[in-house]
Amino acid sequence: MKRSLLPIILITLLVSACGTSVRILGSWTNPSKPATGYQSVFVTALTQNVLARQAVESDLEQLLNSKGVEAVSSFEVIPPGFKAGEERKEEVLNKIRELGSETILTVTLLDQTNETRYVPGTTMYTPMRYGYYGRFWPYYNTYSPYMYEPGYYTTDKNYYLEANLYDANSEELIWSTQSETTNPTSLEDFSTAFANSIVKQLIKDGIIVE
């Protein structure tokens, strides 16, 4: 699966009658995680798109804080345009630890696919009205008992994202989950739905405790 960054999904606005939904495909938890869960998280979205990064990090930060977890967005430590490299590793990690963050939560887009499907037409029978039964043509001309909607093709856009949680001291992977989003309606709707799904899974897996 080709690894990509996040902006593709987050800058695409798609017309949809329904709100954006995020489906968790699966999650993994390291057995070494503390039984009491973690109390602080450093949140970073791996994308060069500033608006996308702000939306994802801000929604995760606010929701985690509302659950009693001290969450910090990465903007102060990793500013836009920051060039990662092995020589910057200790600098970044030390700043994260100085903030008191026990863990680092990363978010990235793994893959994006387009799937075209056929939506079959529908035929709906409408009951006849008694006033038009007397003669054929008045009935036929006035009221057709069948209504038909033709079928059509539509393309679904599916996005697969991964969220990983690392221990800030050991850098060990503590928790990982993958999710699927289909036809997001907007950046705001996606970001809110994604944050809700991720935080809900973190609680379910015992990574954080309300």
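Hydrogens, waters and symmetry mates are skipped; everything else that's a heavy atom, side chains included, is used. Source: prediction; values computed, not measured.
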*If you measure from CG on L64 to CD on Q39, what distance do you get to the nearest 0.5 Å?*
11.5 Å
*Could you list all the salt bridge (Lys or Arg N to Asp or Glu O under 4.0 Å) pairs where at least one residue sits in residues 22-41, not counting sequence neighbours?*
R23-E180
*Using modelled atom types only, decide if a donor and an acceptor are shared between the side chain of S101 and the backbone of R97 within a distance under 3.5 Å.*
no
_Could you check whether any side-chain N or O of D167 sits under 3.5 Å from a backbone N or O of N169, counting only pairs where one atom can act as donor and the other as acceptor?_
yes
_Residues Q62, S66; criterion side chain to side chain donor-acceptor pair (under 3.5 Å); working and verdict_ = CA-CA 6 Å; Q62 291 179 25; S66 73; over 6 Å; no
*Under 4.5 Å between any side-chain heavy atoms of N196 and K200, yes or no?*
no
*Considering all heavy atoms of both residues, which atom of P184 and which atom of Y159 are nearest to each other, and what is their separation?*
CD-CE1, 3.5 Å
*asked:* For V77, run the side-chain contact (heavy atoms from CB on, under 4.5 Å) check against N94, V92, V72 and tell me which one passes.
replied: V92
*Give the minimum heavy-atom separation between T44 and S74, together with the two atoms involved.*
OG1-OG, 3.4 Å
*From W28 CH2 over to N164 CG, what is the distance, rounded to the nearest 0.5 angstrom?*
9.5 Å
*Approximate separation, where rounding is to 0.5 Å, of D156 CG and E115 CD*: 7.0 Å
*Hey, is CD on E76 packed in by over 12 heavy atoms from elsewhere, all under 6.0 Å?*
no
*How many angstroms lie between atom OG of S40 and atom CD1 of I96, to the nearest 0.5 angstrom?*
11.0 Å
*Start with the C-alpha gap between V41 and E102, add the side-chain angles, then the distance that decides, and say whether side chain to side chain contact (heavy atoms under 4.5 Å, CB included) holds.*
CA-CA 6 Å; V41 182; E102 301 171 290; over 6 Å; no
_Considering all heavy atoms, the nearest Y38-I208 contact_ = O-CG2, 3.8 Å
*Would you say the side chain of F194 lies within less than 4.5 Å of the side chain of D59, judging by non-hydrogen atoms?*
no
*Under-4.0 Å salt bridge between E98 and K95*: no
*Where the side chain of T177 meets the backbone of G26, is there a donor-acceptor pair that is under 3.5 Å apart?*
yes
*What closest approach, in Å, do L60 and A195 show between heavy atoms, and which atom pair accounts for it?*
CD2-CA, 3.7 Å
*State, with a plain yes or no, whether a side-chain heavy atom of E171 is found less than 4.5 Å away from one of L93.*
yes
*Which distance, rounded to the nearest 0.5 Å, do you find between the CD of Q178 and the CG of L25?*
6.5 Å
*For N49, does its backbone N or O pair with a side-chain atom of T47 as donor and acceptor, under 3.5 Å?*
yes
*Shortest non-hydrogen contact from T181 to S21?*
CG2-O, 3.7 Å
*L99 versus F42: any side-chain heavy-atom pair under 4.5 Å?*
yes
*Indicate yes or no: at least one non-hydrogen side-chain atom of Y166 is less than 4.5 angstrom from one of N30.*
no
*Checking T192 side chain against E188 main chain: does a donor-acceptor pair fall under 3.5 Å?*
yes
*Does V209 reach the side chain of I203, with side-chain heavy atoms less than 4.5 Å apart?*
no
*Does one hydrophobic cluster hold both V43 and V199, with members joined at side-chain heavy-atom distances below 4.5 Å?*
yes
*asked:* Testing V56, V22, V107 one by one against L161 for a side-chain contact (heavy atoms from CB on, under 4.5 Å), which residue passes?
replied: V107
*asked:* Are W175 and L63 connected into the same hydrophobic cluster when the rule is that any two of I, L, V, M, F, W, Y join if their side-chain heavy atoms are below 4.5 Å apart?
replied: yes
*Please test T29 against I174 for side chain to side chain contact (heavy atoms under 4.5 Å, CB included), starting from the C-alpha separation and ending with a verdict.*
CA-CA 6 Å; T29 302; I174 299 299; 5.5 Å; no
*Is there a donor-acceptor pair closer than 3.5 Å between any side-chain N or O of N183 and the backbone N or O of K157?*
yes
_Nearest-0.5 Å distance, CD of residue E70 to CD of residue E61_ = 10.0 Å
_Do S179 and Y160 make a side-chain contact, defined as non-hydrogen atoms from C-beta onward lying under 4.5 Å apart?_
no
*Are the side chains of F75 and R53 in touch, meaning some heavy atoms are under 4.5 Å apart?*
yes
*So which heavy atom on N65 is nearest to which on V69, and how close?*
OD1-O, 2.8 Å
